[in-house]
Structures are given as C-alpha cells and as structure tokens.
Amino acid sequence: MAEETTRRARPKKIRRVQISFNVLAQIILVLFLAAMVNSIAFRHYKRWDFSREQKYALSDKTKRFLRTIKGKLHITIFFSPNTPISADVQNLLTEYQYAGKGKIDIEHIDPERNLSRAKEMFDKYKIVSDESLLVIDYEGRNKAVKASEMAEVDQSGMALGEGPRVVAFKGEQAITSAMMDLVEGKKNILGYVLGHKEPPLSGNSTVSVLKTFIENENIKFQELNLFDVGAIPAELKTVMIIGPQYDFSDREMQLLRDFWNKQGRILALLDPAAKTPKLDAFLNELGLKVNDDRLMVFLRTGIQELALTRDVQAHFLGDSPITKRLADVRALFFGGTSSITLEPDRVRAANIRLEPLIQAEKGYFAETDYNSDDQAKLQADANRNSNAVLTIGAAIEKGGSADERVQVNSSRLVVVSNATFIQDKALTQDQQSLDFISGSVNWLLSREQLIGIAPKIPKPLTFSLDENGLRSLRWMILVLMPLIPAIIGSVVWWQRRV
C-alpha cells in the first residue's frame, strides 16, 4: 500500500517540478523580451513635436547637414539659470543630439556654481565674455555662440517690474551656422555686383536682412565692381546681381560671359522698370527672354467695384532642387514684375537646360501697355489673357546632369523678374522669399542639401468671441460649471439617504 502511494506521489511531484520549470522559463523569457524591447527602444526611437509652434523642431537643412558630418562635435554650455532662453537652448540641443545620432556630445556648466570647471574651459577656449554662451568644438577648432545671437529679447518692461520677453528665438540659425563654419573650414565667397545703382551692402542698406541671412550660412559677401577688375576673381564661384538701374557696358558683359563660360554661377534679380538691353540680350542667348510687360490683376473690392494691383501673388514649382521644399508655397512679389518666356528647344543643342521656378497665380495677365490709364482696355486685356501661365522666375544650367545624384561641373544661373521682393520692407516673418534666395544661392554653390532656417516667432494663443459666444461662455461659467457638482452631490446624498 505504501509503495502504491509512493508511486502515485512521484508523478505529482514530477508534474509540480515541470510546472515550476515552465513558470520559471516563462518569467525568464518575459524578462528577456522586456530587456530586449527596452534595449532596442533605447537605441532606435522616434520623437514627435505636437506643439502648436514646434519651437524646437529642427529644419530639414540642419538634419541633412548633421548627416554629412564625419567627425564629432562637442558643445559646452555656459548658461546661468536666469538667462531667459536657457531652457529653450537646452531643449533645442536635445533635438540636435537626437538628429546627430551619436555625433554630438553636450556638457552643461553653470559658471556661477561650478567655478573650477568653468575656469578650466574658459582658459581652454580663451573666453573673456561674461555673457551666457555655448562653445562648439570640432576637430580642434571652436566657435562661441552668445545668447544675444540666439534670441531677440524685449526688455522694455523691465522698468515696470516685468521680466525680459523673447520676441524671436534664433537658436537653430546661430548654432547651425556656427557648425557649418567649423565643419566647412572656410567661408564661401559671394560676389555682389555694384556700379549700376544696386542696393548697397553697408550703410543705409535696403537688403540688410538678406545680407545677415545669407552670411549665417557660412557665406561671405565681397563687393565686386566690374569696372575695376580685368576678370572676375577666381575665388568667386558665384556672383549676385540685384536690381541694376543702368545697363552693363560691353566690357562688363564680356567679363560676365567669360565667367559663365568657365562654369560660373550667377543670381540675377531684375527690375522691370530699368532698361538693361545688353543684360537682357545675354539672357536671351541662353534661351530666356525678359518680356517688356507688367503683371496685373483685377481684384473685386465690392459688389461692383474692381481694383487693379501690380503686386503679384505667385507660387513656387517643386520640380527643381531650388524649390523642391517650397513646392506650392505662395509668396508676394511687390512692385513691378514682368513675365519671362523660356525657349528650351532653341538652346538644347548647346546643352542648356531651362526650368521654371516661380509662376503667377491664375487671374494675372501680362500687360504690354502698362502705362495706360484706360480701365476698359485693361479689363478687356485681363479677360482675354487671364488664363495664361506666367513665369517670373527660372533656372538655367549649361552642362551638368539632369540627375541630382550625379555631380558634374556646370554653369548655373537663376533669374527672377522682380528685384524688390527681397528688400527689408517686403520680407515677412514667413520668410518664403529668404528661403527661396537661400535655396538659389546654395544650388549655385553646389550645396543642394542646404536651405534657410527661419527664426521661431512666439505667437500668443488668442480666442475671438462674438456677442453670442460671450453669452454662451457666461452661462457656462455662471450656471453650468456650478450646476455639475451640485447634481453630483445631490445624487450622492440621495443614495446615502436611501
């Protein structure tokens, strides 16, 4: 009997051991899977910015630039806690670290608390400023970025006891620009043509915003007067012509042709009001004809009232590397704008390719009699030509390859038949015009991977309520909100009573 009991107990014991082993194996497997999932998630994760302003979201330019870095960047932050943008800079640099995929190391040093470490780094980087700043170090080269360069701060309320207010946060602009300076080593030089009453670069300049914006992309302007040189200097790979009011001489045009034939790069923004037949003839040789007209549109301002405007609402085409990231974005081109005609078939044998970049919105017409005051005639012309496709910006390339992945030396030229859209008074916070110029300059410099970065403008969240909305809000606050807890309390009291 005892043997039979032992025989029965043995399978039960074995079964319990098996169950225990299975449970242990399951626990180990669950822990292993949890560790693997956490390990993978730690190394491969995705971040999203669902905030309304996307204040710390990096631009495509910065992300692509970080992918091209071969070495490692070390960023040392010397920010005191009372700096208005201290939290903004730290959050932004966290995004840099994520986008850099291990290429960026960051060290935070409080100069008011960690005095010994701060002094050691100040001596290493030869820092003499008391202002909050960060230092970017790359392969032995370093550059400091001050807090004042990363934000526009309004301190007008300090006298009333208010703290400083950040008007515009430009941290990404300043940091990416400093990184480009270090990684590229030397600045690209852009020749700025003068001598035909173009806007000056210094003094009372109307293109100061454009100048600052371009210089933040590791580009240096160099004034170029074609009267004073025997040839365009070899260090200039790109020249910029903005709104010449007088035509170029035969000698100047020969210098431009020689420059173009030697794979030169040119950006030309034209003023339709200026008469420049020799410059227009050069463009015509390349298959681009600048028409003697003005773009106009009639806008309805009332039930039977029409107003004529010459400010052009246009959109960017996305087929070119210049405007790929501006596809279908709208922008205003103030002042006079003429249409341009592209004739690719005429110059195809010379291996010249033309591509439209900017086209006016539907409804605009190109008026050849643009000085006329005859409203009936202008309206008739508008009705007859309002469906025409009107191009106001184009790119020209001689040589090269139609495939963006193939890098071949070529001559390049960007033309826009409006020279006022990049002036200080015409630029807006949305910066479509600056982004277009940035894309054009970087394409001309064979840096297609780079575009401009706009500063982040804090926008207060506002609600506009009419009288009915205010009345509804008043009832919600005074009646509905107190009524809900009263009903809940009454239900609880009744249940307890019962």
Side-chain angles (χ1 to χ4, degrees), residues 32-51 53-79 85-109 121 124-125 133-145 147 149-150 169-188 216-219 321 324-326 404-407 435 438-439 442-443 445-456:
F32 175 76
L33 290 175
M36 289 299 296
V37 168
N38 279 277
S39 177
I40 294 173
F42 183 78
R43 291 177 174 83
H44 307 280
Y45 58 92
K46 185 71 176 175
R47 296 167 63 92
W48 289 275
D49 186 355
F50 296 108
S51 63
E53 296 178 4
Q54 294 194 329
K55 192 173 185 179
Y56 310 115
L58 298 180
S59 66
D60 289 340
K61 167 187 174 178
T62 296
K63 292 176 182 178
R64 286 192 302 276
F65 172 72
L66 292 175
R67 287 197 291 267
T68 65
I69 296 176
K70 300 294 190 297
K72 196 144 189 169
L73 287 160
H74 184 81
I75 302 177
T76 308
I77 306 173
F78 302 95
F79 269 57
I85 60 170
S86 179
D88 291 334
V89 171
Q90 292 187 21
N91 290 331
L92 179 64
L93 289 176
T94 300
E95 299 302 318
Y96 271 91
Q97 273 190 305
Y98 170 67
K101 299 185 183 302
K103 298 177 182 178
I104 298 177
D105 291 331
I106 296 178
E107 180 181 3
H108 298 266
I109 299 177
M121 300 306 289
K124 177 181 177 181
Y125 293 122
L133 52 82
L134 59 85
V135 177
I136 306 173
D137 189 306
Y138 181 78
E139 296 183 348
R141 302 188 298 271
N142 63 81
K143 186 176 180 67
V145 183
E149 299 173 358
M150 290 186 273
F169 182 59
K170 303 183 293 184
E172 186 185 357
Q173 263 187 331
I175 293 171
T176 300
S177 174
M179 289 180 175
M180 290 172 62
D181 284 352
L182 293 174
V183 174
E184 294 185 350
K186 62 179 182 179
K187 291 182 178 293
N188 295 278
N216 281 338
E217 301 201 341
N218 197 34
I219 297 172
K324 180 181 294 183
R325 292 166 187 86
L326 289 172
E404 294 178 35
R405 298 168 297 179
V406 180
Q407 296 295 323
D435 286 337
S438 170
N442 284 314
W443 180 71
L445 291 171
S446 298
R447 302 193 309 174
E448 288 87 349
Q449 76 276 17
L450 302 180
I451 62 171
I453 306 172
K456 305 295 175 62

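Please read these numbers as outputs of a predicted model, since none were measured by experiment.
One distance of note links CG of Leu182 with CD of Glu139; it measures 10.0 Å at 0.5 Å rounding. Remark: Glu95 CD to Gln90 CD distance equals 13.0 Å, nearest 0.5 Å. Note that OG1 of Thr94 is 10.5 Å distant from CD1 of Ile104, once rounded to the nearest 0.5 Å. One distance of note links NZ of Lys170 with CG of Asp88; it measures 14.0 Å at 0.5 Å rounding. Rounded to the nearest 0.5 Å, atoms CG (Leu326) and OG (Ser438) are 9.0 Å apart.
Partner Thr62 forms a side-chain hydrogen bond (donor to acceptor under 3.5 Å, both in side chains) with one of Glu172, Gln173, Arg67 and no other, that one being Glu172. Among Leu73, Leu58, Ile106, the one residue that satisfies the side chain to side chain contact (heavy atoms under 4.5 Å, CB included) test with Tyr96 is Leu58. With respect to Ile75, the side chain to side chain contact (heavy atoms under 4.5 Å, CB included) criterion is satisfied by exactly one of Leu93, Asp105, Val145: Leu93.
With hydrogens and angles ignored, the 3.5 Å screen pairs no side-chain donor or acceptor of Lys70 with any backbone N or O of Val183. Using a distance-only test at 3.5 Å, with no hydrogens or angles considered, a donor-acceptor pair links the side chain of Lys103 to the main chain of Leu66. Judged purely by atom type and a 3.5 angstrom limit, Thr68 uses its side chain to pair as donor or acceptor with the backbone of Phe65.
When all heavy atoms of Ser86 and Phe79 are compared, the pair lying nearest together is CA-CD2, 3.8 Å. Nearest approach of Ile77 to Leu134, heavy atoms of both residues: CA-CB, 4.1 Å.
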For Asp137 and Arg141: C-alpha separation, side-chain torsions, deciding distance, then whether side chain to side chain contact (heavy atoms under 4.5 Å, CB included) applies. CA-CA 6 Å; Asp137 189 306; Arg141 302 188 298 271; over 6 Å; no
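For Val135, the side chain to side chain contact (heavy atoms under 4.5 Å, CB included) partners at least two apart in sequence or on another chain are Phe78, Tyr125, Ile127, Leu133, Asn142, Ala144.
The cationic group of Lys101 lies under 6.0 Å from the six-membered ring centre of Tyr98 and within 45° of the ring axis, placing it in a cation-pi geometry.
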